[in-house]
Amino acid sequence: MKIYNTMSRTKEEFVPGEPGKVKMYVCGPTVYNYFHLGNARPLVTFDSLRRYLEYIGYNVEFCQNFTDIDDRIILRAAEEKTTIQEISERYIKEYYVDADRLNVLRPTYEPKATETISEIIDFISELSDKGYTYELPDGIYFDVSKDPEYGKLSRFRLGDLVEGAGDRENKKEFDGKRNPGDFVVWKRKKEGEPAWSSPWGEGRPGWHIECSAMIRKHLGESIDIHGGGQDLVFPHHENEIAQSECATGSALAKYWVHNAFVNVDDEKMSKSAGNFFMVRDIAAKFDYRVIRFFILSGHYRMPINFSDSLLEAAENGLNRIRESVQNLRFTAAGEERKAVKNDNRNSWELMEAIDIASKEFLDAMDDDLNTADAITAIFRLVRAANTSCTDPSVSSDALLSAADKIMELGEVLGLDILGEDENRIPEEVLQLVQKRMAAKQEKNFKLADEIREQISALGYQIKDTSAGPQVVKL
RNA sequence: GGCGCCAUAGCCAAGGGGUAAGGCAGAGGUCUGCAAAACCUUCACCCCCGGUUCAAAUCCGGGUGGCGCCUCCA
């Protein structure tokens with residue numbers, strides 16, 4: 001497959017360091033709150049990349065961290081008069097509630113910063129021994145001027161950073177720093193803060209260092225894919241590269257992959273801007289599957305706007321796929337349909353459409369994870385399959401093959417098109433369906449409509465087809 | 001100031017030198033007691049101006065408009 005590499009700013013052929021194996025790392029959440037739609041985008045994007053790589057045969061080792069020690073967590077704990085452990089544990093639990101329902105697979109490794117302290121300290125020691133760091137009263141800093149390649153990912157030059165600093169240049173934060181771009185790897189303890197002992201006294205790790213240490217601990221010195229949101233390119237990933245490559249001497253990652261933002265009215269959704277929507281709250285109105293489908297309906301490197309009407313459009317689109325699978329299975333179950341031989345011409349044409357959809361799907365995903373086109377391939381199969389449902393000469397086997405393929409491709413995107421339990425109809429509902437059938441036979445349409453209302457109140461919808469009533473979960 | 005991205009129908013969104021995928025919404029029709037779904041039909045010359053070319057929405061140059069990073073941030 002081809003994947004866009006931020007390092008080269010071009011699409012490159014994906015060739016992992018070790019054949020058949022992929023090592024990928026994605027920057028995970030700082031756990032001090034529920035996550036918003038903008039945070040959900042990389043989760044869904046990289047989960048889909050991981051699923052696709054596994055689908056085409058790779059063995060994927062996937063690592064995603066939890067930042068569970070950070071200024072915001074400390075602040076939150078202070079506000080609530082509790083410990084940082086309590087805060088981070090709570091929001092890790094809540095993270096899983098949302099992530100699981102978004103059908104995000106659990107990573108192979110999910111390290112926490114606070115459980116990686118000794119590796120982080122070792123890492124800093126190495127940098128220190130090699131002369132890349134210096135001490136200031138408040139902590140240990142990385143000297144970016146010691147790294148001749150610094151800036152290669154973001155393509156920022158050190159001089160430009162000084163200019164970009166603008167009005168911040170006069171602020172205290174630069175006091176003592178050798179270069180404006182220098183960043184802290186170990187923060188000395190301030191009164192009342194949680195701390196760990198280290199060769200530099202009590203303190204806690206800086207933000208960037210945890211990822212460098214975790215990657216090496218779980219995946220090794222060099223990995224295949226490193227992912228995250230576009231805003232992490234600088235400074236976070238740039239600094240990770242500087243630390244890791246100065247320490248180990250080898251390239252940290254072969255492919256740098258970054259997703260674009262979720263916007264509201266064309267402006268970046270962010271906590272600081274206050275224009276964010278929690279996934280939890282959106283899920284009160286829309287199914288988590290709709291949220292995932294919405295995220296995947298555009299290319300990951302293009303910004304997407306969020307609004308209710310866009311979610312509604314996504315919901316309707318996803319329903320079209322779901323209904324198709326339901327209709328295919330229902331139609332295939334018909335007795336007359338089962339008698340149709342599967343080697344007739346029209347059945348064969350549907351089988352061909354299935355193959356074409358598979359190929360289009362693979363082509364789309366191979367082209368830099370083009371999930372928008374991959375979804376189009378599914379829609380094209382849906383159209384062909386629905387048309388086949390109206391053609392009595394197409395066999396049950398062919399219809400079921402189409403349904404299976406739609407489910408299979410949907411699963412690669414993690415869409416969970418039809419859950420297992422959605423096929424089982426409760427006895428109570430089935431009895432009502434029988435009663436309604438009887439009422440219809442007697443032309444008692446008033447009663448029939450009342451029963452339909454009852455069924456609907458139980459969460460099921462009834463559709464009268466030429467082959468009898470079809471019941472589906474709403 | 002530095003670096004970078006984007007501009008395609010009412011909306012969303014792919015594509016990317018040879019004459020515009022798909023979805024949502026809309027209109028008309030078929031089926032149907034009604035409803036729902038489905039099916040059929042219909043719905044764009046791709047921001048503007050130059051240039052290259054037999055041919056440009058696609059390439060190049062210049063505009064205009066929108067956005068992002070350079071500060072915690074997905």
Side-chain angles (χ1 to χ4, degrees), chain A residues 6 9 26-30 35-46 70-72 151 154-157 159-168 171 173 180-181 207 227-236 238 258-263 265-273 276 293-294 297-299 301-305 307 309-321 323-324 326-327 330-331 360 364 367 370-380 382-383 385-391 440 443-446 448-449 452-453 456 461-466 470 472:
Chain A
T6 306
R9 309 282 165 104
V26 175
C27 295
T30 300
F35 64 80
H36 61 69
L37 226 212
N39 299 311
R41 192 171 192 189
L43 295 178
V44 169
T45 297
F46 291 105
D70 156 278
D71 288 350
R72 289 163 294 174
S154 59
R155 305 198 176 179
F156 291 158
R157 282 164 304 182
D160 297 337
L161 288 178
V162 180
E163 265 188 61
D167 56 331
R168 295 198 309 281
K171 291 184 186 168
E173 66 180 286
W207 174 37
Q230 232 156 36
D231 47 357
L232 296 185
V233 172
F234 190 91
H236 186 52
E238 195 72 74
H258 296 97
N259 62 276
F261 303 125
V262 176
N263 294 159
D265 298 328
D266 289 316
E267 307 255 322
K268 177 184 176 179
M269 179 185 290
S270 71
K271 285 178 181 165
S272 51
F276 61 91
F293 182 76
F294 168 71
S297 63
H299 187 92
R301 284 193 288 114
M302 291 295 193
I304 47 174
N305 259 305
S307 74
S309 65
L310 291 171
L311 263 289
E312 274 161 29
E315 183 171 49
N316 291 338
L318 183 57
N319 278 340
R320 177 172 167 80
I321 300 173
E323 304 233 21
S324 177
Q326 287 170 333
N327 290 341
F330 179 81
T331 307
E360 287 177 342
D367 184 14
N370 193 334
T371 54
D373 268 359
I375 287 170
T376 288
I378 294 175
F379 273 120
R380 279 155 69 96
V382 162
R383 164 86 58 188
N386 285 345
T387 303
S388 293
C389 276
T390 67
D391 178 350
K440 273 185 67 179
K443 304 265 184 218
N444 188 349
F445 296 122
K446 191 165 173 283
D449 288 350
R452 182 163 58 197
E453 285 299 309
S456 156
Q461 186 190 20
I462 194 152
K463 300 177 184 176
D464 290 323
T465 74
S466 54
Q470 179 188 3
V472 294

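Reminder, nothing fancy here: chain letters follow the sequence lines and each chain counts from 1.
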When every non-hydrogen atom of L232(A) is compared with those of C27(A), the smallest separation belongs to CD1-CB, 3.7 Å
Using the P atoms only, state how far rA56(B) lies from rC24(B), rounded to an integer number of Å.
34 Å
When the P atoms of rG50(B) and rG68(B) are considered, how many whole Å apart are they?
32 Å
Picking from rA37(B), rG4(B), rC72(B), which would you name as closest to the side chain of R9(A)?
rG4(B)
On RNA chain B, compare the nucleotides closest to R72(A) and F445(A); which residue's is nearer the 5' end?
F445(A)
Categorize V262(A) for me: base, sugar-phosphate, or nothing, with a 4.0 angstrom heavy-atom threshold over every strand shown.
base
Rounded distance (Å) that lies between atom P of rC69(B) and atom CG of N259(A)
13 Å
Take atom CZ of R320(A) and atom P of rA36(B), then tell me their distance rounded to the nearest Å.
16 Å
Distance-only, no hydrogens or angles: does the T387(A) side chain make a donor-acceptor pair with backbone N or O of R383(A) under 3.5 Å?
yes
Pick out the pairs of N or O atoms, protein on one side and nucleotides 25-30 of chain B on the other, that lie under 3.5 Å.
{"unit_1": "rA25(B)", "atom_1": "OP1", "unit_2": "N316(A)", "atom_2": "ND2", "d": "3.3"}

Determine the interplanar angle of the F276(A) and H36(A) rings, folded into 0 to 90°, and report it as parallel if under 30°, tilted if 30 to 60°, perpendicular if over 60°.
tilted
Does K440(A) reach a base, just sugar-phosphate, or nothing at all? Heavy atoms under 4.0 Å.
base
Please determine, for the side chain of R157(A), which listed nucleotide (rC34(B), rG2(B), rG23(B)) has the closest atom?
rG2(B)
When all nucleic acid strands are considered with a 4.0 Å heavy-atom cut-off, which category describes D464(A): base, sugar-phosphate, or nothing?
base
Walk me through it: do N39(A) and K271(A) pass the test side-chain contact (heavy atoms from CB on, under 4.5 Å)?
CA-CA 10 Å; N39(A) 299 311; K271(A) 285 178 181 165; 4.1 Å; yes
Among rG68(B), rC67(B), rC24(B), the one nearest any side-chain atom of A313(A) is rC24(B)
Using the aromatic ring of F379(A) (for Trp, its six-membered ring), decide whether it stacks on the base of rG22(B) within the limits of 5.5 Å and 30°.
no
Check this one for me: any side-chain N or O of T387(A) less than 4.0 Å away from OP1 or OP2 of rC40(B)?
yes
Shortest non-hydrogen pair, G298(A) vs T371(A), comes out as O-OG1, 3.4 Å
I want to check something: taking the side chain as every heavy atom from C-beta on, are I378(A) and I321(A) in contact at a cut-off of under 4.5 Å?
yes
Side-chain-base donor-acceptor pair under 3.5 Å for R452(A) and rC34(B):
yes
Kindly indicate whether the side chain of L43(A), heavy atoms from C-beta on, has any atom under 4.5 Å from the side chain of F35(A).
yes
Expressed as a whole number of angstroms, how long is the span from E323(A):CD to rG23(B):P?
15 Å
What residues, two or more places apart in sequence or in another chain, satisfy salt bridge (charged side-chain N to carboxylate O under 4.0 Å, His left out) together with R72(A)?
D70(A)
Under 4.0 Å, counting only non-hydrogen atoms across every strand here, what does S466(A) touch: a base, just sugar-phosphate, or nothing?
nothing
What dot-bracket string describes RNA chain B from 5' to 3', counting Watson-Crick and G-U wobble pairs whose defining distances are under 3.5 Å, with [ ] for crossing pairs and | for pairs to another strand?
(((((((..(((.....[...))).(((((.......)))))....(((((..]....))))))))))))....
Please give, in whole Å, the distance from rA7(B) P to H299(A) NE2?
12 Å
Using the C1' atom on both, measure rA13(B) against rC6(B) and round to a whole Å.
14 Å
Send over the distance from F261(A) CZ to rC67(B) C1', rounded to a whole Å.
10 Å
Rounded to whole Å, how long is the line connecting atom CG of L232(A) with atom P of rG68(B)?
16 Å
R301(A) side-chain N/O to rC6(B) phosphate OP1/OP2 under 4.0 Å:
no
How long is the span from the CD atom in E360(A) to the CG atom in N370(A), to the nearest 0.5 Å?
12.0 Å
For a quick check of understanding: with a heavy-atom distance under 4.0 Å over all strands, which category does H36(A) fall into, base, sugar-phosphate or nothing?
base
rC67(B) base / N263(A) side chain donor-acceptor hit below 3.5 Å:
no
What nucleotide among rC11(B), rA21(B), rA74(B) has an atom nearest to a side-chain atom of L310(A)?
rC11(B)
Describe the nucleic acid contact of L43(A) in one word from base, sugar-phosphate, nothing, applying a heavy-atom distance below 4.0 Å.
nothing
Using the P atoms only, state how far rA27(B) lies from rG15(B), rounded to an integer number of Å.
31 Å
Just by distance, do the side chain of R41(A) and the backbone of F261(A) share a donor-acceptor pair under 3.5 Å?
yes
Distance-only donor-acceptor check, side chains N305(A) and D265(A), under 3.5 Å:
no
May I ask you to test the N327(A)-Q470(A) pair for a side-chain heavy-atom distance under 4.5 Å?
yes
For D266(A), answer base if it contacts any base atom (sugar-phosphate contacts may also be present), sugar-phosphate if it contacts only those atoms, and nothing otherwise; contact means non-hydrogen atoms under 4.0 Å.
sugar-phosphate
Base, sugar-phosphate, or nothing for G228(A), non-hydrogen atoms under 4.0 angstrom?
sugar-phosphate
Base, sugar-phosphate or nothing for K268(A)? Non-hydrogen atoms, less than 4.0 Å.
base
Assess the side chains of S154(A) and E238(A): does a donor N or O sit below 3.5 Å from an acceptor N or O?
yes
Name the nucleic acid region contacted by A377(A), choosing base, sugar-phosphate or nothing; use a 4.0 angstrom heavy-atom cut-off, strictly under.
nothing
Can you find a pair of side-chain heavy atoms, one from L311(A) and one from E315(A), that are under 4.5 Å apart?
no
In whole angstroms, how far is the P atom of rA7(B) from the CE atom of M302(A)?
5 Å
5' priority, RNA chain B, between G317(A) and K463(A) [closest heavy atom]
G317(A)
Within the structure shown, what part of the strands sits under 4.0 Å from N327(A) by heavy-atom distance: base, sugar-phosphate, or nothing?
sugar-phosphate
Under the 3.5 Å rule, do the base of rG33(B) and the side chain of D449(A) count as making a donor-acceptor pair?
yes
Could you check whether E267(A) gets within reach of a base, just the sugar-phosphate, or nothing at all, counting any heavy atom under 4.0 Å?
sugar-phosphate
Taking rG63(B) as the reference, what is the distance to rA7(B) when you measure between their C1' atoms (whole Å, please)?
14 Å
Using a 4.0 Å heavy-atom cut-off, does F35(A) contact any base of the nucleic acid, only the sugar-phosphate backbone, or nothing at all?
nothing
Pairwise C1' distance, rU30(B) and rA37(B) [rounded to whole Å]
14 Å
Atom pair distance, as rounded to whole Å: CG in D367(A) and P in rA21(B):
18 Å
Indicate whether OP1 or OP2 belonging to rG15(B) is found under 4.0 Å from a side-chain N or O atom of N370(A).
yes
Ignoring hydrogens and geometry beyond distance, is the side chain of T376(A) in donor-acceptor contact with the base of rA21(B) at under 3.5 Å?
yes
Any side-chain N or O of R383(A) under 4.0 Å from OP1/OP2 of rA38(B)?
no
